[in-house]
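So the structure is just underneath, and the comments pick up after that.
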Amino acid sequence: MGRIDEFLAWAEATARVTRLWNPAPLVRWNSDKSYLLDLAGRGVPVVPTRCIAPGDSCGEEDFEGTHGVVVKPSVSAGARDTARYEPGRGADAERHARMLLGQGRTAMVQPYLPLVEEGERALVFFAGTFSHAIRKQALLTEPGEMDNARVAHPGAALHTPTEAELRTARAALAAVPSPDEPLFARVDLVLDEAREPVLIELELIERNLFLGLDPRGADRLALAVAAAAREA
C-alpha cells in the first residue's frame, strides 16, 4: 500500500467507465484500518484500537498493556511496519509510533491478544455467503521486531469456523457502510481472553482469498461473479 493515493485514484477512474464489484467508495473506506473504529461504533466485536494521527499527543503510558501492545500504520498490507511490544517496553512502542507519525502516517495501537498464538482465522465470503475459512500461525512472533520480509500467512490451512466466528464475521459484513454488498470479503478474526472471536481486519481489497486451499472456492467465486453480472 505504498502508493495508496494512486490506487484510490485508479479505483475511482475505473468506476466511472465500468463496474467495480466492490465499489470505489467501499474500497476507499477499507483502505485505512481506522474503519475498525467505525465497525466498533456499530456494535461489531473489534480488537480495541486507538488511532494516533500526526499532531495528536501521546506518551509512553499510551503504549502499555497487560500483555503488551501492537503498533502498526493504519494504511498497510502484509503486516509491514508492524511490531508487538512486551509489557514494560512502552518507550520502544512509542518510538515506533513516532516514526510512523514523522512520516505523516497514522499509527494504530492495539493490545496484544495472546490467543492469537492459537492461530488467526480468515473467513471468506462471496456475495454475503460463507465459502471457506483458513487458520494461520501468528505473525508477530518476535517482540520488538519489525520484519517486512516475513511470510504474510504462515502455516495457512483449512479451518472449520465455530458458530461464534461465523456470527462475528456476519456482524462485520452487516455493518459495512455501503448500500451494495461486497462481492468478496475476507473477515480476519482472533480470540480475546474470554475466547470470543473479535475482528482484527475486514479485507475488501485483499487479493488473497486462499482459493488454492479449498478446491470449491474458485467455483463459488465464479458463480458469484456470474450472478452479479446477470443482475447488472
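Along the sequence shown, residues are numbered consecutively beginning with 1.
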Completion exercise
residues 42-61 vs salt bridge (charged side-chain N to carboxylate O under 4.0 Å, His left out), sequence neighbours excluded, gives Arg50-Asp62

Exercise for the section: Return the minimal non-hydrogen interatomic distance between Ser31 and Ile4, and the atom names on each side. Expected result: CB-CD1, 3.7 Å

Handout entry: Asp32 CG to Asp38 CG distance, which is reported to the nearest 0.5 Å
Key = 9.5 Å

Problem - Cluster overlap Val109 with Leu37, hydrophobic side-chain contacts below 4.5 Å - result: no

Problem - Spacing of Leu199 atom CG and Leu189 atom CG [to the nearest 0.5 Å] - result: 6.0 Å

All N/O donor-acceptor pairs, side-chain side in residues 167-179, below 3.5 Å, sequence neighbours left out:
residue: Thr168; atom: OG1; partner: Ala164; partner atom: O; Å: 3.1
residue: Ser178; atom: OG; partner: Asp180; partner atom: N; Å: 3.2
residue: Ser178; atom: OG; partner: Asp180; partner atom: O; Å: 3.0

Problem - Partners meeting salt bridge (charged side-chain N to carboxylate O under 4.0 Å, His left out) with Asp92 (sequence neighbours left out) - result: Arg89, Arg95

Exercise for the section: Taking side-chain hydrogen bond (donor to acceptor under 3.5 Å, both in side chains) as the test, write out the residues that go with Thr82, two or more places apart. Expected result: none

Exercise for the section: Nearest 0.5 Å please: distance from the OG atom of Ser74 over to the CD1 atom of Ile52. Expected result: 11.0 Å

Practice task
State yes or no: do Leu36 and Phe63 share one hydrophobic cluster built from I, L, V, M, F, W and Y residues joined by side-chain heavy-atom distances below 4.5 Å, directly or via other members?
Solution key: no

Practice task
Quick one: which residue pairs count as a ring pair (Phe, Tyr, Trp, His ring centres under 6.0 Å) with a foot in residues 22-56, not counting sequence neighbours?
Solution key: Trp29-Tyr35

Problem - Asn30 side-chain N/O to Leu202 backbone N/O, donor-acceptor pair under 3.5 Å - result: yes

Handout entry: Note, Leu139 side chain near Pro154 side chain (heavy atom, < 4.5 Å)
Key = yes

Practice task
Say whether Leu209 and Leu183 are linked into one hydrophobic cluster, either directly or through other cluster members, by side-chain heavy-atom distances under 4.5 angstrom.
Solution key: yes

Handout entry: Separation between OG1 of Thr160 and CG of Leu166, rounded to the nearest 0.5 Å
Key = 10.0 Å

Handout entry: Audit row: Ser34, Thr106, side chain to side chain contact (heavy atoms under 4.5 Å, CB included) steps and yes/no
Key = CA-CA 9 Å; Ser34 62; Thr106 294; over 6 Å; no

Problem - Interatomic spacing from NZ in Lys72 to CZ in Arg80 - rounded to 0.5 Å - result: 14.5 Å

Practice task
Taking Glu201 for its side chain and Asp188 for its backbone only, find out whether a donor-acceptor pair lies under 3.5 Å.
Solution key: no

Practice task
Write out all pairs satisfying ring pair (Phe, Tyr, Trp, His ring centres under 6.0 Å) with one or both partners inside residues 122-149, taking only residues at least two apart or from two chains.
Solution key: Phe125-Phe130

Fill in the blank from the handout: Contacts of Glu203 meeting salt bridge (charged side-chain N to carboxylate O under 4.0 Å, His left out) (sequence neighbours excluded), chain-then-number -> Arg186

Exercise for the section: Answer yes or no: is there a side-chain heavy-atom contact under 4.5 Å between Leu204 and Val27? Expected result: no

Distance-only criterion, 3.5 Å: show the donor-acceptor pairs between side-chain atoms of residues 111-121 and protein atoms not counting sequence neighbours.
residue: Tyr112; atom: OH; partner: Glu117; partner atom: OE2; Å: 2.7
residue: Glu118; atom: OE1; partner: Arg195; partner atom: NH2; Å: 2.7
residue: Glu118; atom: OE2; partner: Arg195; partner atom: NH1; Å: 3.1
residue: Arg121; atom: NE; partner: Glu165; partner atom: OE2; Å: 2.9
residue: Arg121; atom: NH1; partner: Gly119; partner atom: O; Å: 2.6

Exercise for the section: Return each pair, listed once, that meets ring pair (Phe, Tyr, Trp, His ring centres under 6.0 Å) where at least one residue sits in residues 144-193; pairs must be two or more places apart or across chains. Expected result: His153-Phe210

Handout entry: Where at least one partner belongs to residues 68-89, residue pairs that pass ring pair (Phe, Tyr, Trp, His ring centres under 6.0 Å), sequence neighbours excluded
Key = Tyr85-His96

List the atom pairs, donor and acceptor, that lie under 3.5 Å between side-chain atoms in residues 220-229 and the rest of the protein, sequence neighbours left out.
residue: Arg220; atom: NH1; partner: Ser131; partner atom: O; Å: 3.1
residue: Arg220; atom: NH1; partner: Ser131; partner atom: OG; Å: 3.0
residue: Arg220; atom: NH1; partner: Asp214; partner atom: OD2; Å: 3.4

Handout entry: Heavy-atom pair with the smallest gap, counting every atom of Leu100 and Ala107
Key = CD1-CB, 4.0 Å

Handout entry: Asp81 CG to Arg105 CZ distance, which is reported to the nearest 0.5 Å
Key = 4.5 Å

Handout entry: Worked check of side chain to side chain contact (heavy atoms under 4.5 Å, CB included) between Lys33 and Cys51
Key = CA-CA 9 Å; Lys33 293 179 177 61; Cys51 291; over 6 Å; no

Exercise for the section: Identify, with sequence neighbours excluded, every residue that meets salt bridge (charged side-chain N to carboxylate O under 4.0 Å, His left out) alongside Arg135. Expected result: none

